[in-house]
K.L.:
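After the structure tokens below, expect a handful of questions from me.
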Amino acid sequence: MDIERINDNTLKLVISYKDIEERGFTKDEIWFNRDKGEELFWVMMDEIDDDQFEVNGPLWIQVVAKEVGLELTVTVVNAPHELFNEGMLDVQNKGSQFANMFESDPFTTNTQDFETDTFQLLEDAVFELESFDDLIPLAKSMPSGFDEVNELYVYEGRYYLYIDFTRVVDVELQQDFLSPILEYAKLSSQTIHVLREYGKAVMEGDCFAITREHF
């Protein structure tokens with residue numbers, strides 16, 4: 001199994017079907033048996049050292065089926081509870097949280113997002129960037145159809161990205177937008193009101209487009 005640290009809150013796990021079988025599971029089991037899918041996930045997580053990745057909150061999980069195995073993106077969400085209510089995996093409640101995670105046909109869809117049916121749509125959100133440089137690959141990785149309001153602020157020496165999701169009313173589409181964002185930034189409890197009142201606007205309107213144009 002390959003482990004890639006994306007940022008402090010996000011980890012990417014890549015495991016081949018051969019590695020899955022070596023851990024005592026079959027391809028059919030993990031796709032069509034929810035309990036087996038859950039068991040495999042925690043087996044994989046147990047192989048990660050605590051100093052590599054600390055699970056200390058709800059998890060947002062995306063599973064992508066590849067021809068030779070699975071790719072899992074796991075994000076620890078440090079955000080107010082109301083932002084992501086029931087759409088997250090509570091690390092303290094491992095049972096009955098894996099509905100729909102592996103219950104899809106890998107040959108008809110290659111992406112299965114955790115808890116799609118209970119995912120809570122965001123109206124807006126603030127994300128913290130580790131540095132300004134992280135905005136450049138993020139802007140270039142955003143889907144071409146993304147044209148929502150996105151603004152960059154600096155406050156107390158930290159960079160914050162604000163995104164207005166009001167017009168995005170489709171769950172899967174919002175998840176598609178969130179996936180690349182969470183690779184380069186983490187959800188923040190900071191509010192747009194504080195940023196506008198006390199922070200400094202670096203790019204307004206469409207900071208992704210501005211970044212792509214100048215970088």
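Numbers here simply count residues along the sequence, with the first being 1.
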K.L.:
Any chance you could measure E29, atom CD, to I20, atom CD1, to the nearest 0.5 Å?
P.N.:
10.5 Å
K.L.:
Quick check for you: to the nearest 0.5 Å, what is the distance between E148 atom CD and Q174 atom CD?
P.N.:
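Output value for this atom pair is 9.5 Å.
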K.L.:
Salt bridge check, R167 against D147: does any charged N sit closer than 4.0 Å to a carboxylate O?
P.N.:
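Yes.
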K.L.:
Is a salt bridge present between R23 and E47, judged by a nitrogen-to-oxygen distance below 4.0 Å?
P.N.:
yes
K.L.:
Just do the side chain to side chain contact (heavy atoms under 4.5 Å, CB included) check on L13 and E71 with the steps written out, would you?
P.N.:
CA-CA 6 Å; L13 309 176; E71 179 182 288; over 6 Å; no
K.L.:
Quick check against the 3.5 Å criterion: does T73 have a side-chain atom that pairs as donor or acceptor with the backbone of K12?
P.N.:
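Not a single qualifying donor-acceptor pair exists.
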K.L.:
Between D28 and T26, is a side chain to side chain donor-acceptor pair (under 3.5 Å) present by the stated rule, with each step listed?
P.N.:
CA-CA 5 Å; D28 287 343; T26 67; 5.6 Å; no
K.L.:
Drop me the distance from Y153's OH to C207's SG, to the nearest 0.5 angstrom.
P.N.:
10.0 Å
K.L.:
For Q190 and Y155, which heavy atoms make the closest approach, and how far apart are they?
P.N.:
NE2-CE2, 3.6 Å
K.L.:
Got a second to check how far E128's CD is from D134's CG, nearest 0.5 Å?
P.N.:
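Between E128 CD and D134 CG, I get 10.5 Å after rounding to 0.5 Å.
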K.L.:
Going hydrophobic residue to hydrophobic residue with side-chain gaps under 4.5 angstrom, can you get from L178 over to L135?
P.N.:
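Same cluster.
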K.L.:
Of all the heavy-atom pairs spanning P143 and D176, show the shortest one and how long it is.
P.N.:
CG-O, 4.2 Å
K.L.:
Going by distance alone, is a donor N or O of one side chain under 3.5 Å from an acceptor N or O of the other, for D133 and S131?
P.N.:
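No, because no side-chain N or O of D133 sits under 3.5 Å from a partner of the opposite role on S131.
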K.L.:
Side chains of I3 and I48: closer than 4.5 Å at any heavy-atom pair?
P.N.:
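Side-chain contact under 4.5 Å: yes.
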K.L.:
Hydrophobic cluster membership, with links at side-chain heavy-atom distances under 4.5 Å among I/L/V/M/F/W/Y: are V14 and F41 in one?
P.N.:
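Looking at the clustering, F41 is in a separate group from V14.
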K.L.:
Do you know the tightest heavy-atom contact between S141 and L138?
P.N.:
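Heavy atoms of S141 and L138 come nearest at OG-O, 2.9 Å.
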K.L.:
Just wondering, more than 12 heavy atoms not from E22 lying within 6.0 Å of its CD?
P.N.:
yes
K.L.:
Is there a path of hydrophobic side-chain contacts, each under 4.5 Å between heavy atoms, that joins L195 and Y159?
P.N.:
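No; Y159 is not reachable from L195 via cluster members.
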K.L.:
Treat each ILVMFWY residue as a node, draw an edge where side-chain heavy atoms are under 4.5 Å apart, and state whether F177 and V169 are in one component.
P.N.:
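Cluster IDs for F177 and V169 differ.
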K.L.:
Is it true that, when you exclude R158 itself, more than 12 heavy atoms of the residues, nucleotides or ligands shown sit nearer than 6.0 Å to its CZ?
P.N.:
no
K.L.:
Of all the heavy-atom pairs spanning D35 and N33, show the shortest one and how long it is.
P.N.:
N-OD1, 3.1 Å
K.L.:
Going by an N to O cut-off under 4.0 Å, is there a salt bridge joining R196 and E151?
P.N.:
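Salt bridge present between R196 and E151.
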K.L.:
When the ring centroid of F215 is compared with that of F132, is the distance short of 6.0 Å?
P.N.:
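Between F215 and F132, the centre distance is under 6.0 Å.
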K.L.:
Restricting to non-hydrogen atoms, name the atom on V126 and the atom on I192 that form the minimum distance, rounded to 0.1 Å.
P.N.:
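Reported closest heavy-atom pair: CG2-N, 3.9 Å.
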K.L.:
Would you give the length of the straight line joining atom CD1 of I163 to atom CG of L122, rounded to the nearest 0.5 angstrom?
P.N.:
10.0 Å
K.L.:
According to a hydrophobic-cluster definition based on side-chain heavy atoms being under 4.5 Å apart (Ile, Leu, Val, Met, Phe, Trp, Tyr only), do V149 and L129 belong together?
P.N.:
no
K.L.:
I181 and M142: side chain to side chain contact (heavy atoms under 4.5 Å, CB included), yes or no, with the steps?
P.N.:
CA-CA 8 Å; I181 294 172; M142 288 303 292; 3.7 Å; yes
K.L.:
Below 4.5 Å, heavy atoms only, C-beta onward: do F208 and L161 meet side chain to side chain?
P.N.:
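Yes. Closest side-chain heavy atoms under 4.5 Å.
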K.L.:
For F146 and F165, take the angle between the two ring planes, folded into 0 to 90°, and tell me which bin it lands in: parallel under 30, tilted 30 to 60, perpendicular over 60.
P.N.:
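Rings of F146 and F165: perpendicular, as their planes differ by over 60°.
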K.L.:
Take L11 and R5 through the test side chain to side chain contact (heavy atoms under 4.5 Å, CB included) and record every step on the way to the result.
P.N.:
CA-CA 5 Å; L11 203 67; R5 183 72 172 269; 3.7 Å; yes
K.L.:
Which value, rounded to the nearest 0.5 Å, describes the distance between F127 atom CZ and Y160 atom OH?
P.N.:
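That separation rounds to 13.5 Å.
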K.L.:
Considering only heavy atoms from C-beta outward, does the side chain of E156 approach that of Y198 to under 4.5 Å?
P.N.:
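SC-SC contact between E156 and Y198 ruled out.
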K.L.:
L40 and K36: side chain to side chain contact (heavy atoms under 4.5 Å, CB included), yes or no, with the steps?
P.N.:
CA-CA 6 Å; L40 171 64; K36 288 294 184 180; over 6 Å; no
